[in-house]
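Hydrogens, waters and symmetry mates are skipped; everything else that's a heavy atom, side chains included, is used. Since this is a predicted model, take the numbers as computed values, not measurements.
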Amino acid sequence: MSYMENNFDKRLNPTLLVDGAKSVVSLLLNYYPSEFQNQESYKISKYAYGQDYHFVIKEKLKELLFSIQENIGAVDGRAFVDSAPILDKAWAAKSGLGWIGKNSNLLTQQVGSFYFIAELIIDLELEYDYATTDHCGTCTACIDSCPTEAIVAPYIVDGSKCISYFTIELKESIPTEMKGKLDDWAFGCDICQDVCPWNKFSKPHNEPLFDPNPEFLSMSKKDWEEITEETFKTIFKNSAVKRTKFEGFIRNIDFIK
């Protein structure tokens, strides 16, 4: 994922993204579902069950910025949802929303890690929060459970070995050495989150736009293997799954079945 190397200066300096920036406001939005896929099915990462989070959260951030402007006055800013060179997890950890765990996800003692991270960068000086402490302790559940050994050391993930990379980012064929290691994941992967002890505190979200299409929940492996492009577009209308496109999704299914 060479794009991660691009614009490194902007990742470190928010004033290159927003003129006169003085504060990064980090926010979390829960996406943990109340209903889950049929267990005898190819798996989709929970964050992609409903509508594409980019659009859902962007609208909320626009409302927040408008509310700030309405209550405080002239405040200039810009909303970010995984869409620009910004170190979202690092800023969220710096603001005390959680700590970056051994699986490289932001973890919290209150609600685990099934949430999106977003930011408002604004030109308003605020009273700032502080980082919290690490509570991973001696636990290595995420490292031990990763079938592709993508967590090469505590807090270090080799993205090129991650199931999410193979099923979403990779445009070429999935390497043959990964055969039998994707654990039925057709889009993304939640293994290192599912096994994290802090996620026993996860609670279902209350955002209707993150609710899945009912047909999606009941589909079996056979249904996925026989899915048409028309059905794919219907089930995943406005979904992040469309990022892999129908051809990429079928490639994933064919590789793991």
Sidechain-backbone polar pair: [X] side chain, [Y] backbone, donor-acceptor under 3.5 Å:
| X | Y | value |
| --- | --- | --- |
| T231 | I227 | no |
| S23 | V25 | no |
| T167 | G188 | yes |
| S41 | Q37 | no |
| S145 | A141 | yes |
| S95 | S26 | no |
| T148 | K161 | yes |
| Q69 | V75 | yes |
| K102 | G137 | yes |
| S45 | A48 | no |

Ring-ring centroid check [X] [Y], cutoff 6.0 Å:
| X | Y | result |
| --- | --- | --- |
| Y115 | Y31 | no |
| W185 | F166 | no |
| Y32 | H205 | no |

(request) Output all residues satisfying side chain to side chain contact (heavy atoms under 4.5 Å, CB included) with K203, sequence neighbours left out; order by chain, then residue number. (result)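 For K203 there are no side chain to side chain contact (heavy atoms under 4.5 Å, CB included) partners, ignoring immediate neighbours.
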(request) Sequence neighbours left out, what passes side chain to side chain contact (heavy atoms under 4.5 Å, CB included) with C196? Give chain and number order. (result)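 In terms of side chain to side chain contact (heavy atoms under 4.5 Å, CB included), with neighbours along the sequence ignored, C196 is linked to L107, W198, N199.
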(request) Might you work through the side-chain contact (heavy atoms from CB on, under 4.5 Å) test for I253 and K221, ending with a clear yes or no? (result) CA-CA 9 Å; I253 296 289; K221 285 186 176 180; over 6 Å; no
Which heavy atom of [X] sits nearest to which heavy atom of [Y], and what is that distance?
| X | Y | answer |
| --- | --- | --- |
| G20 | D123 | O-CB, 3.3 Å |
| A150 | C146 | N-SG, 3.2 Å |
| I163 | P147 | CD1-CG, 3.7 Å |
| I151 | C192 | CD1-CB, 4.2 Å |
| K171 | I168 | NZ-O, 3.3 Å |

(message) Distance to the ring centre below 6.0 angstrom and angle to the axis at most 45 degrees; does that hold for K179 and F255?
(response)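 So K179 does make the cation-pi contact.
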(request) Assess K242 against F236: is NZ or CZ under 6.0 Å from the centre of the six-membered ring, and within 45 degrees of the ring's axis? (result)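 No, K242 does not lie over the aromatic ring of F236.
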(request) Could you name each residue pair satisfying side-chain hydrogen bond (donor to acceptor under 3.5 Å, both in side chains) that touches residues 130-141, not counting sequence neighbours? (result)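 Residue pairs passing side-chain hydrogen bond (donor to acceptor under 3.5 Å, both in side chains), neighbours aside: T133-H135, D134-Y155, T140-D144.
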(request) Give every residue pair that meets the salt bridge (charged side-chain N to carboxylate O under 4.0 Å, His left out) criterion with at least one member in residues 246-256, sequence neighbours excluded. (result)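 As it turns out, the salt bridge (charged side-chain N to carboxylate O under 4.0 Å, His left out) pairs with a partner in residues 246-256, which skip direct neighbours, are D254-K257.
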(request) Using the test ring pair (Phe, Tyr, Trp, His ring centres under 6.0 Å), find all partners of Y47 that sit at least two apart in sequence or belong to another chain. (result)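 With sequence neighbours excluded, Y47 shows a ring pair (Phe, Tyr, Trp, His ring centres under 6.0 Å) to Y53, given in chain and number order.
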(request) Return the set of residues passing ring pair (Phe, Tyr, Trp, His ring centres under 6.0 Å) with F246 (not counting sequence neighbours), or none when no residue passes. (result)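 F232.
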(message) Against K233, only a single residue in E229, E230, K237 fulfils side-chain contact (heavy atoms from CB on, under 4.5 Å); can you say which?
(response)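 Exactly one pass, corresponding to E229.
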(message) If only side-chain N and O atoms count, and only distance matters, is there a donor-acceptor pair under 3.5 Å linking E35 with Y49?
(response)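 Result is no, nothing qualifies.
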